There are 2 protein chains.
Amino acid sequence: MTYCVAMHLSSGMIFVSDSRTNAGVDHISTFKKLHVFHRGDDRTLIMQSAGNLATTQSVINLLQHRAQDATTQNLYTVSSLYDAAVLVGQTLKEVIARDGADFTATFTLGGQIRGEAMRLFHIYAEGNFIEATVDTPYFQIGESKYGKPIIDRIVSYNTGLEQAVQCALISMDSTLNSNLSVGLPLDVMIYHAESFDDSRQYAITAQHEYFSEIRNMWGSCLRSVFDTLPPLQLE
Amino acid sequence: MTYCVAMHLSSGMIFVSDSRTNAGVDHISTFKKLHVFHRGDDRTLIMQSAGNLATTQSVINLLQHRAQDATTQNLYTVSSLYDAAVLVGQTLKEVIARDGADFTATFTLGGQIRGEAMRLFHIYAEGNFIEATVDTPYFQIGESKYGKPIIDRIVSYNTGLEQAVQCALISMDSTLNSNLSVGLPLDVMIYHAESFDDSRQYAITAQHEYFSEIRNMWGSCLRSVFDTLPPLQLE
């Protein structure tokens, strides 16, 4: 399994991914699921992947390889994120058609291409996709349920990037606690609107002090909040 | 879908169920999923059901009907909750065999029979079952994922009944917000150890003041807790 969350907020975008893959509980590995396509100050594209690892690796490989040929339509030549989503969707369909319909995958694709605003897409195994909006500014792929309630309670389009990352980390913590097939390290990327930057990438291991601190703090704060709830009145 | 949670704690047991059934999003109904078998001061058994409504109704009907015949092994004559779980499992297998393997269901069965301690079982469609223990004092059936993290953070075997109900209600709130096929009213039952009582049953509708109050309070408290988290440090 996998858990990735991506948010398109007014001041920028954030991406948080786990890195565990598994072929059964007795066969787990670590693979990064966050991939960045960055060129000069022209574009920063961030992809997250969930699903069959052979499929997602092939899609990323083909996208990277084809991006070397400047005469073709590729992630470095497309003029909009919509066209980038079409390209990723087509490549995903191509790999699934080649390898077999059982080996499906999904992607998030977000970022910014000069000349347009930031955009965020959720790309399905069928190659089609939906776009995040002000009403629903985030997407999850993989094991989404355990970590969804906290995002719905905290995040809206105008949430700041720092609080959004904190919320994504708490959401990830809930998921890590509940699903063994989601595992550390985490990959975090923060993109500030109009920065065309790719430098704010971070890896969070089990020894990461800040992550440990807010995991513990969140757990104890929730218990404190419970103690302040008004006494049960059911009649 | 359905969301039911049952907890076996040191001082008693709590049961909280939603009441929505659906055959597609355009065909929803309200059916109580919490069923009580109570006789004098000898036994109080509480069942919750999830899955195909035709199956769960048939199982409850057969259990109720057969309980009229005092010469048979039934829920009012079995001498232990283990035997009650066997009986429910057999009845469930019988109905599924009669109606078809696509119409599966699961149950929780908890309570107390005089002569033994409280017990709580999770009964599968195959008719077998597991029992809650001090390590894992609760079971969920139906849509369990959205509401699981908060229970894992708050509830342990020694949690008080009042706080356990509060936690189950918050867990239900998270699930109601995320899955349209889980819906109000809720049915709540609290059983105090050694009471052999069935009187503490409550229905919670959308107009229920206390439930509305803690739903709102919980949401705003979580946001306050987020504001107190230490500033993001990812390096």
Side-chain angles (χ1 to χ4, degrees), chain A residues 14 16 143-156 159-167 169-171 173-179 186 188-190 200-204 208-211 213-215 217-235, chain B residues 14 16 143-156 159-167 169-171 173-179 186 188-190 200-204 208-211 213-215 217-235:
Chain A
I14 70 126
V16 180
E143 174 59 274
S144 60
K145 290 188 178 184
Y146 296 115
K148 186 171 187 291
I150 190 64
I151 299 176
D152 285 333
R153 291 182 193 276
I154 298 295
V155 172
S156 68
T159 300
L161 295 183
E162 183 160 323
Q163 190 164 75
V165 173
Q166 289 171 328
C167 182
L169 292 177
I170 298 295
S171 169
D173 179 42
S174 294
T175 311
L176 291 167
N177 292 340
S178 297
N179 189 329
L186 309 180
V188 176
M189 171 142 182
I190 303 173
R200 298 199 60 189
Q201 296 184 47
Y202 310 94
I204 295 184
H208 194 280
E209 269 186 40
Y210 180 77
F211 186 49
E213 184 184 356
I214 65 165
R215 289 179 96 166
M217 200 171 157
W218 183 252
S220 58
C221 285
L222 285 201
R223 281 185 292 277
S224 307
V225 170
F226 255 93
D227 293 336
T228 68
L229 289 178
L232 194 63
Q233 292 163 15
L234 289 179
E235 304 293 351
Chain B
I14 69 128
V16 180
E143 174 59 274
S144 60
K145 291 188 177 182
Y146 296 116
K148 185 170 188 293
I150 190 64
I151 298 176
D152 286 333
R153 291 182 193 277
I154 299 294
V155 173
S156 69
T159 299
L161 295 183
E162 183 160 322
Q163 190 163 75
V165 173
Q166 289 171 328
C167 182
L169 293 177
I170 298 296
S171 169
D173 180 41
S174 294
T175 311
L176 291 168
N177 291 341
S178 296
N179 189 330
L186 309 179
V188 176
M189 173 142 180
I190 303 173
R200 298 198 61 189
Q201 296 184 47
Y202 311 94
I204 295 184
H208 194 280
E209 268 186 40
Y210 179 77
F211 185 49
E213 184 185 356
I214 65 165
R215 289 178 96 166
M217 200 171 157
W218 183 253
S220 59
C221 284
L222 284 202
R223 281 186 292 276
S224 307
V225 170
F226 255 93
D227 292 336
T228 68
L229 289 177
L232 194 63
Q233 292 163 15
L234 289 179
E235 305 294 352

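Lettering follows sequence order; numbering is per chain, from 1. All of these numbers come straight from a predicted model, not from anything done at the bench.
Atom CG of B/L234 sits about 7.5 Å away from atom OH of A/Y210, to the nearest 0.5 Å.
Proximity of B/N177 to A/D152: side-chain heavy atoms (C-beta onward) are nowhere separated by under 4.5 Å. Between A/F226 and B/I150 the shortest side-chain heavy-atom distance falls below 4.5 Å. Using a 4.5 Å heavy-atom threshold, the side chains of B/E143 and A/K145 count as touching.
With a threshold of 4.5 angstrom between heavy atoms, B/I190 approaches chain A through side-chain atoms but not through N, CA, C or O. Both the backbone and the side chain of B/T228 come within less than 4.5 Å of a heavy atom in chain A. Contacts of B/I204 with chain A are made by side-chain atoms alone, with heavy-atom separations under 4.5 Å and no backbone atom involved.
For the set B/P149, B/S178, B/S144, the count of heavy-atom pairs under 4.5 angstrom toward chain A peaks at B/P149. Heavy-atom pairs under 4.5 Å with chain B were tallied for A/Q163, A/K148, A/R223; the largest tally goes to A/Q163. Annotation: maximal heavy-atom pairing with chain B below 4.5 Å, among A/C167, A/C221, A/P230, A/S174, occurs at A/P230. Between chain A and the residues B/Q166, B/E235, B/M217, the largest count of heavy-atom pairs under 4.5 Å involves B/Q166. By number of non-hydrogen pairs under 4.5 angstrom with chain A, the leading residue of B/T175, B/L169, B/D227, B/V188 is B/D227. If you tally non-hydrogen atom pairs under 4.5 Å between each of B/R200, B/Q233, B/E209 and chain A, the highest count goes to B/Q233.
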| message | If you apply the rule side chain to side chain contact (heavy atoms under 4.5 Å, CB included), what do you find for A/R153 with B/D173, and how did you get there? | response | CA-CA 11 Å; A/R153 291 182 193 276; B/D173 180 41; 3.1 Å; yes
| task | Decide side chain to side chain contact (heavy atoms under 4.5 Å, CB included) for A/W218 and B/L222; before the verdict, give the C-alpha distance in whole Å, the side-chain angles of both, and the deciding distance to 0.1 Å. | result | CA-CA 10 Å; A/W218 183 252; B/L222 284 202; 4.0 Å; yes
